[in-house]
Amino acid sequence: MLLNNKASSDILDADHLFDDRRVYAMHKYWGKKPGSDIREILLKYTNPGDLVFDPFAGYGGVAIESVLTGRNVISNDLNPAANFINRNVLSEDVDFSRFDLMLQRISQQIHPYIKKYYTYIKNGEVKEIISILRDNNDVPLSIKVKPSSGKAQVISLNEQEKNDLIEAEQAMVIKDWFPDDHLFENPRISAKKNMRIKDLFPKRSLFFHAKLHALILNLPDSTEKDLLLFAFTANLANASRLVPPIKSRGQLSSGAWMTGFYTGKTYIENNVWHYFLNRVKRIKDGKKQFLQLIPDKDNRGRYKITNLNSKNLINFPSRSVDFIFTDFPYGDTVPYFEQSIIWNSWLKMPVDYDDEIVISNAISREHDCERFKNDIFAACKEIYRVLKTDHFFAFTFNSLSGFEWEAIVNAVISCGFQLKSLDVIVQKTFSPRQLNRKKVIQGDMLFVLVKRDVVPNVKALSKTETQNFVRKIITEALSVSSLSTNRIIQIVIQTIFKAEVTVDELSFDKLLSEIADYDSEVNEWRLV
């Protein structure tokens, strides 16, 4: 249903403002969903003034769209970095003049260091170094410079110039604080034994991050100071060893940090201050867009940000929430807390690693598949408890080929949720995995469930029973016509919910390949 007040029509008429998603581009965080999709779901399943809850808020898309559509929202995440992002994206009392003055003050203080350590002089011409291509032994190979006028230039360094850069960097003395936290050793994300936060940065970058961090912390406490710290954290990975070159676009064309802590044979050391200013601009644009779209006081939604363990929602009354919408943790695909250490460490925020719902390859954490299954079930029980009867719980999930989706589907069925609908949200761009593997789900599955008063007697299928049950579903479906991966998954899950059963060790990819052949020309499966 659509809002029938002026605020809703203003929001919907302003869809063009969401096309570039500036409000969603302020900070790097994984698993963001298009605001337009979130907004559509909220408008369909809630009314103005309803209380919306997101137990795994991440970047805060549900909170953003709830506020803009006049819904009240509790945005929860156990990850302090996510809470920090939420607070900065949702804050309203921003004085941009004061923000600019603070930025100017920092600029004046850091400029002498920029001039000393990011300057390239040749034939009497002074140029600012924007980026340095370095090998994995930190030897500089070439630089990109910003001349006094004209386009940036790439310059290959001779041996003397390489040595000059190395010697200048070695002589740097870092007097400002920086975090010295250990990463969890985890081969899944290339976190090596005894690796520390400082190892993610070449010395020059670490020097400037520490300097910039200290200058920001010295500012008076305010929303504007928080936004500058927000920009600082958003820029950390962008000015680290984690930036690969995109060779097809040129040796100093920067890629982006996606996940993990891998450094290739070469990496790009970006000028901390130059890229920090780029990030500041992006954050200002996103913040201004958000503030422009907020309805007037009587029509906007109110928000609250919480840092609760979703398995134990303390002080949440039973049957108090009108609608729940979330994106479940991705198992071992993204160990959010371990990767967020790059932000939480600089923010000096304590992290409850033990209660994270995750499958981690870090042996020291003891977060295996069995624990993930139990934790997901505990979270679903709490979601069921706080939701009002006959109200809806919606969630999206992408990884439907492994243990994670099985754990989630089993949990929501066992807790008493009934499937109302199952659709696919297809994003405008796909991940490299989805582009390279056509047989995986394209997009995100959107589950919409309804809470029933009575929990049914759910039958638990054994591994053999599961294989036979799902094989029969797929065979019957494909006997009618060839189908896409997305459609087959929809049919299987819908049938599982209808039968009120839980499955065991379902290797969906393997089973489907045994039954059918994949026609890559039409991207559909046919019976063997």
Side-chain angles (χ1 to χ4, degrees), residues 1 33 37-58 60-67 69-78 86 301-329 355 357 373-397 405 407-423 425 444-458 493-494 496-498 500 502:
M1 64 189 71
K33 299 294 179 269
D37 290 334
I38 298 173
R39 189 165 65 256
E40 182 179 340
I41 293 164
L42 289 172
L43 293 174
K44 184 175 182 179
Y45 293 104
T46 66
N47 293 303
D50 278 356
L51 177 59
V52 177
F53 175 49
D54 184 351
F56 304 101
V62 172
I64 293 169
E65 302 307 326
S66 294
V67 169
T69 55
R71 278 71 175 157
N72 300 316
V73 61
I74 299 175
S75 189
N76 178 76
D77 204 295
L78 192 62
N86 272 231
R302 293 172 297 170
Y303 68 87
K304 181 178 181 180
I305 300 168
T306 56
N307 182 227
L308 300 175
N309 176 1
S310 60
K311 303 188 293 291
N312 184 16
L313 298 171
I314 301 170
N315 300 327
F316 251 94
S318 298
R319 299 180 177 86
S320 60
V321 177
D322 294 297
F323 180 64
I324 298 177
F325 185 26
T326 199
D327 194 24
F328 275 111
D355 279 319
I357 300 179
K373 180 178 72 173
N374 294 334
D375 286 349
I376 284 291
F377 179 75
C380 287
K381 279 187 68 176
E382 282 292 83
I383 288 170
Y384 182 89
R385 180 182 68 80
V386 303
L387 183 64
K388 293 178 180 178
T389 303
D390 296 327
H391 282 238
F392 298 109
F393 164 40
F395 68 89
T396 56
F397 203 76
W405 81 266
I408 291 170
V409 170
N410 284 349
V412 295
I413 290 175
S414 299
C415 288
F417 286 106
Q418 188 174 36
L419 184 66
K420 176 178 173 60
S421 65
L422 180 63
D423 298 304
I425 298 177
D444 289 323
M445 282 287 180
L446 170 64
F447 294 72
V448 179
L449 313 172
V450 62
K451 174 180 175 177
R452 298 174 291 184
D453 256 336
V454 180
V455 178
N457 292 320
V458 177
I493 293 176
Q494 287 167 342
I496 289 172
F497 269 92
K498 187 176 181 179
E500 295 182 341
T502 59

Original post:
Are the ring centres of Phe395 and Phe393 closer than 6.0 Å?
Top reply: yes

**OP:** Search all heavy atoms of Ile383 against all heavy atoms of Pro55 and return the closest pair with its distance.
**Re:** CD1-CG, 4.0 Å

Original post:
From Arg71 CZ over to Thr46 OG1, what is the distance, rounded to the nearest 0.5 angstrom?
Top reply: 3.5 Å

Subject >> From CA spacing to verdict: salt bridge (Lys or Arg N to Asp or Glu O under 4.0 Å), Glu500, Arg452 >> reply: CA-CA 13 Å; Glu500 295 182 341; Arg452 298 174 291 184; 3.1 Å; yes

Original post:
Distance from Lys304 atom NZ to Asn72 atom CG, nearest 0.5 Å?
Top reply: 12.0 Å

Subject >> Validation row: Val321, His391 side chains within 4.5 angstrom (heavy atoms) >> reply: no

Subject >> Side-chain heavy atoms of Ile324 within contact of Val52, under 4.5 Å >> reply: no

Original post:
Within a radius of less than 6.0 Å around NZ of Lys381, do more than 12 heavy atoms belonging to other residues, nucleotides or ligands occur?
Top reply: no

Subject >> Evaluation steps, side-chain contact (heavy atoms from CB on, under 4.5 Å), between Thr69 and Leu43 >> reply: CA-CA 8 Å; Thr69 55; Leu43 293 174; 4.2 Å; yes

Original post:
Going by heavy atoms in the side chains, are Leu449 and Phe497 under 4.5 Å from each other?
Top reply: yes

Original post:
What residues form a side chain to side chain donor-acceptor pair (under 3.5 Å) with Thr326, not counting sequence neighbours?
Top reply: Asp54

Subject >> Side-chain donor-acceptor pair present, Thr306, Asn76, cut-off under 3.5 Å >> reply: yes

**OP:** Might you point out which heavy atoms bring Leu51 and Ser320 nearest each other, and give the distance in Å?
**Re:** CD2-O, 3.6 Å

Original post:
Going through the distances and angles, do Ile413 and Ile496 end up as a side-chain contact (heavy atoms from CB on, under 4.5 Å)?
Top reply: CA-CA 9 Å; Ile413 290 175; Ile496 289 172; 3.6 Å; yes

Original post:
Going from CZ on Phe417 to CG on Leu387, what distance comes out if it is rounded to the nearest 0.5 angstrom?
Top reply: 5.5 Å

Original post:
What are the two closest non-hydrogen atoms of Ile357 and Ala379, and how far apart are they?
Top reply: CD1-CB, 4.0 Å

Original post:
Hey, what do you get for OH (Tyr303) to OG (Ser66), rounding to the nearest 0.5 Å?
Top reply: 13.0 Å

Original post:
Between the main-chain N or O of Ala57 and the side-chain N or O of Asp327, is there a donor-acceptor pair closer than 3.5 Å?
Top reply: no

**OP:** Determine which pairs satisfy side chain to side chain donor-acceptor pair (under 3.5 Å) with at least one residue from residues 409-421, sequence neighbours left out, and list them in order.
**Re:** none

Original post:
If you measure from CG on Asn47 to CG on Leu42, what distance do you get to the nearest 0.5 Å?
Top reply: 11.5 Å

Subject >> Gap separating the CG atom of Asp355 from the CG atom of Asn309, nearest 0.5 angstrom >> reply: 4.0 Å

Original post:
Step by step, would you call Phe397 with Val409 a side-chain contact (heavy atoms from CB on, under 4.5 Å)?
Top reply: CA-CA 10 Å; Phe397 203 76; Val409 170; over 6 Å; no

Original post:
Between Tyr384 and Lys451, is there a cation-pi geometry (under 6.0 Å to ring centre, at most 45° from the normal)?
Top reply: yes

**OP:** With side-chain contact (heavy atoms from CB on, under 4.5 Å) as the test, would you mind laying out the steps for Ile41 and Glu65 before giving the verdict?
**Re:** CA-CA 10 Å; Ile41 293 164; Glu65 302 307 326; over 6 Å; no

Original post:
With a 4.5 Å heavy-atom cut-off, do Thr396 and Phe325 have their side chains touching?
Top reply: yes

**OP:** May I ask you to test the Asp375-Lys311 pair for a side-chain heavy-atom distance under 4.5 Å?
**Re:** yes

Subject >> Validation row: Val386, Arg319 side chains within 4.5 angstrom (heavy atoms) >> reply: no

Original post:
Is there side-chain contact between Asp322 and Phe392, with heavy atoms separated by less than 4.5 Å?
Top reply: no

Subject >> Taking every non-hydrogen atom, the tightest pair across Asp77 and Gly58 >> reply: OD2-N, 2.9 Å

Subject >> Side chains of Phe323 and Lys388 in contact at under 4.5 Å (non-hydrogen atoms) >> reply: no

